[in-house]
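Both backbone and side-chain heavy atoms feed into the values below; hydrogens, waters and symmetry mates do not. This is a predicted model, so every value here is computed, not measured. First the proteins, then the strands, lettered A, B, ... as listed; each starts at 1.
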Amino acid sequence: MTPAELSAALRAVLLSAQADGVLALAADQVPETVTVERPRQREHGDWASNVALQLAKKAGVAPRDLAQAVAERLSTVPGVAQVDVAGPGFLNITLDAAAAGELARTVVEAGEEYGRSQANAGERINLEFVSANPTGPLHIGGVRWAAVGDALARVLEASGAQVAREYYFNDHGSQIDRFARSLLARARGQEAPEDGYGGAYIGEIAERVRADAVAAGEPDPVTLSDAPAQEVFRARGVELMFAEIKQSLHDFRVDFDVYFHEESLHSSGAVEHAIARLRELGHVYEADGATWLRTTEFGDDKDRVIIRSDGMPAYIAGDLAYYLDKRERGFDRAIIMLGADHHGYIGRMMAMCSAFGDTPWVNLEILIGQLVNLVSGGEPVRMSKRAGTVVTIDDLVDAVGVDAARYALARSSADSAIDLDLDLLARATNENPVFYVQYAHARTANVARNAGALNVRREDAFDPALLDHPSEAVLLGQLAELPRVVAQAAELREPHRVARYLEELASAYHKWYDQCRVTPMGDEPVTDTHRTRLWLNDATRQVLANGLGLLGVSAPERM
RNA sequence: GCCCCCGUAGCUCAGUGGAUAGAGCGUCGGACUUCUAAUCCGUUGGUCGCAGGUUCGAAUCCUGCCGGGGGCACCA
């Protein structure tokens, strides 16, 4: 019996009590979904519900009395072994071993589908993340969004949504100009400009730009005058830098469906189109020689300039056009993941969303993630491109590998600033929980191999009543949780919940492995207990694989 | 000054109103001739920043304060 089935049974019991007049409530006061949870304490049964506590006041009865009435009816439901009323009015439910064990077959038969739902079916989501400027390699902060964003995309897909991963590629504006000037200066053997970029990669990119130009039969750009030289370094430098970022992300197993060029918004007329639309809606005005969007009408602190007095579009003009473009491409919802240093944009972005006639936090959602701090020798390291203390995505992968890096970055809530210890990363990988989870998966695979070799076959028997060991009740309970965890992770945009869940599941599996053998010892005959346990082993393997897949982490067959 | 996030075990962090607040690492001590010991068992460890409030019940929600981080452009 799955928790969803138990929940439905509990609701049916409430409705029957209501129909019989035992529960003095209107039918619509019985909640649509009755929550059942895994109790913290094992002795509180397999599942618990606080529904009696919640309904008692409305029904005008004592919580324990209501709970008692529900318990009597629920205990007659097939598969329910025992229902106890505890504390102020909790219902503690224990299932028959057979009903609980049935889940092993449910999971095995569902396979990769187990844990997925259709909760968000039909929803088209545009998920924008990373979007780092191509002025240098992707550093640790961007990598966090790559890991979390891609995991979120997978979790949303598992909830039935159609998700497009999008990278907003900023190839326009003053930071790019600084990048181009830095390349040119380096190529000429000069100091980097005051506000420029000075890392070693600048020299490498500059050399490649020159070599490519010469190879193509064009003049070496350093021989050109300033303006055209800078333009060559800008165009080709951005291209090279971006290709490098893309490759690094690909090696990190993060691939975007769309790499959107900011410049295209300006060249295609999308900016004018968006401004015209807002003007039509009456939210645009002229003042002090500039063009403004009246965002204060929608809760922003101040109105925003969209066309500067020098005629150039302000940065937000691109955002306006980009948002409208996403909506016109048919996305119901645009989700943007930004670092904490961007939180000040939320007000104006939501105001902009309203100005277009959309609903903030429905059609547009902005997720703010806190920054990553680097620590070395217990001391915070200030990242500086000039000082060379930048940790790039490639450095991170070289140090710990893709699996450990993705897992470590995705297992914490994005709301928390995390500290990454450089010494720890460089030293070893043994303190990483990812191995605990991966090892559990490798174990399930190994057990399955051994079972096969000893002729323990699933198809020969499945008798769930034999899964009656205490560690099996715990393991089955954990397996039952995946759908709820995935649904919650999707709804809250918190993929780290999947990682935490996997750690608990791995723990339950390791304990079970320690106490219950799947394969016979020595000359022991193969029994139905062995065969049925193989179902449980394989169900666990499936859930671990599904969960690791949601995080973009591999599920190894051997370690 | 205003805005956002955080404050939970020695460290890194879970816990979106429920029962005795958890995990990993760390400490100390046990368990491998039988499915991989990257494991398991035990031990150590807490005024959930502080003070009020809401309620049957608060780490969780509200208010104020303290501490840490990050923001408040006709920059991008």
| query | Less than 4.0 Å between a side-chain N and a carboxylate O, is that true for A:Glu166 and A:Lys326? | reply |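 No, A:Lys326 and A:Glu166 are not salt-bridged.
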| message | Check this for me: does any side-chain nitrogen of one of A:Glu239 and A:Arg234 sit under 4.0 Å from a carboxylate oxygen of the other? | response |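 A:Arg234 and A:Glu239: not salt-bridged.
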| task | Specify the residue among A:Arg348 and A:Ser49 whose closest nucleotide of RNA chain B lies further upstream toward the 5′ end. | result |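 That would be A:Ser49.
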| A:Val447 or A:Glu503, whichever maps to the more 5' nucleotide of RNA chain B | A:Glu503
| Using the rule for Phe, Tyr, His and the six-membered ring of Trp, do A:Phe90 and B:A19 stack at under 5.5 Å and under 30°? |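 A:Phe90 vs B:A19: stacking yes.
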| message | Using the six-membered base ring of B:A19, report whether A:His44 stacks on it, requiring centroids under 5.5 Å and planes under 30° apart. | response | yes
In terms of side-chain heavy atoms of [X], which of [options] is nearest?
| X | options | result |
| --- | --- | --- |
| A:Gln41 | B:C75, B:A19, B:A73 | B:A19 |
| A:Ser416 | B:C74, B:U39, B:C13 | B:C13 |
| A:Asp415 | B:C5, B:A38, B:C74 | B:C5 |
| A:Leu492 | B:C74, B:C13, B:U16 | B:U16 |
| A:His496 | B:G15, B:C13, B:A19 | B:G15 |
| A:Leu53 | B:G18, B:C40, B:C74 | B:G18 |
| A:Asp341 | B:G70, B:A73, B:G18 | B:G70 |

Distance between [atom1] atoms of [N] and [M] (Å, rounded):
| N | M | atom1 | result |
| --- | --- | --- | --- |
| B:U16 | B:G7 | P | 13 Å |
| B:A58 | B:C25 | P | 33 Å |
| B:C61 | B:C48 | C1' | 16 Å |
| B:A9 | B:A23 | C1' | 11 Å |
| B:C6 | B:G15 | C1' | 15 Å |
| B:A31 | B:G57 | C1' | 42 Å |
| B:C3 | B:U39 | C1' | 49 Å |
| B:U54 | B:G22 | P | 28 Å |

Determine the contact category for [X]: base if any of its heavy atoms lies under 4.0 Å from a base atom, sugar-phosphate if only primed atoms, P, OP1 or OP2 are that close, otherwise nothing.
| X | result |
| --- | --- |
| A:Ala290 | base |
| A:Glu504 | nothing |
| A:Ile418 | sugar-phosphate |
| A:Ala86 | base |
| A:Asp288 | base |
| A:Ala442 | nothing |
| A:Arg304 | nothing |
| A:Arg40 | sugar-phosphate |

| field | Geometric class of the A:Phe298/A:His283 ring pair [parallel <30°, tilted 30-60°, perpendicular >60°] | value |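 Correct class here is perpendicular.
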Could you check how far [atom1] of [X] sits from [atom2] of [N], rounded to whole Å?
| X | N | atom1 | atom2 | answer |
| --- | --- | --- | --- | --- |
| A:Glu37 | B:A19 | CD | C1' | 11 Å |
| A:Asp310 | B:C75 | CG | P | 7 Å |
| A:Tyr501 | B:A23 | OH | C1' | 16 Å |
| A:Met312 | B:A73 | CE | C1' | 16 Å |
| A:Tyr513 | B:U39 | OH | P | 12 Å |
| A:Glu481 | B:G15 | CD | C1' | 13 Å |
| A:Arg497 | B:U16 | CZ | P | 5 Å |
| A:Arg500 | B:A21 | CZ | P | 20 Å |

Under a 3.5 Å limit for both distances, which nucleotide forms a Watson-Crick or G-U wobble pair with [N], could you say?
| N | answer |
| --- | --- |
| B:G64 | B:C50 |
| B:U43 | none |
| B:G22 | B:C13 |
| B:G1 | B:C72 |

Between the base of [N] and the side chain of [X], is one N or O donor paired with an acceptor at under 3.5 angstrom?
| X | N | result |
| --- | --- | --- |
| A:Ser309 | B:C74 | yes |
| A:Glu494 | B:U16 | no |
| A:Asn92 | B:A19 | yes |
| A:Asn50 | B:G18 | yes |
| A:His343 | B:C3 | yes |

Has [X] got a side-chain N or O lying under 4.0 Å from the OP1 or OP2 atom of [N]?
| X | N | answer |
| --- | --- | --- |
| A:Tyr436 | B:C40 | yes |
| A:Lys511 | B:C41 | yes |
| A:Arg308 | B:A73 | no |

| Anti or syn - B:C41, cut at 90° from 0 |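 With its glycosidic angle more than 90° from zero, B:C41 counts as anti.
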| Within 45° cone and under 6.0 Å: A:Arg38 NZ/CZ vs A:Trp47 ring | yes
| field | Axial cation check for A:Tyr513 ring with A:Arg443, 6.0 Å and 45° limits | value | yes
| Criterion side chain to side chain donor-acceptor pair (under 3.5 Å) against A:Tyr509, the qualifying member of A:Thr540, A:Thr444, A:Asp514, A:Asn537 | A:Asn537
| task | Could you tell me whether the side chain of A:Arg533 and the main chain of A:Arg517 form a donor-acceptor pair under 3.5 Å? | result | yes
| message | One pair to check against salt bridge (Lys or Arg N to Asp or Glu O under 4.0 Å): A:Asp528 and A:Arg531. What are the steps and the verdict? | response | CA-CA 5 Å; A:Asp528 284 355; A:Arg531 298 182 182 107; 2.7 Å; yes
| request: Using a 4.5 Å cut-off on heavy atoms from C-beta on, say whether the side chain of A:Ile336 contacts that of A:Tyr168. | output: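 With C-beta onward as the side chain, the pair stays apart.
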| A:Phe179 ring center near A:Phe233 ring center (under 6.0 Å) |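 No, the ring of A:Phe179 stays outside the 6.0 Å limit from the ring of A:Phe233, centre to centre.
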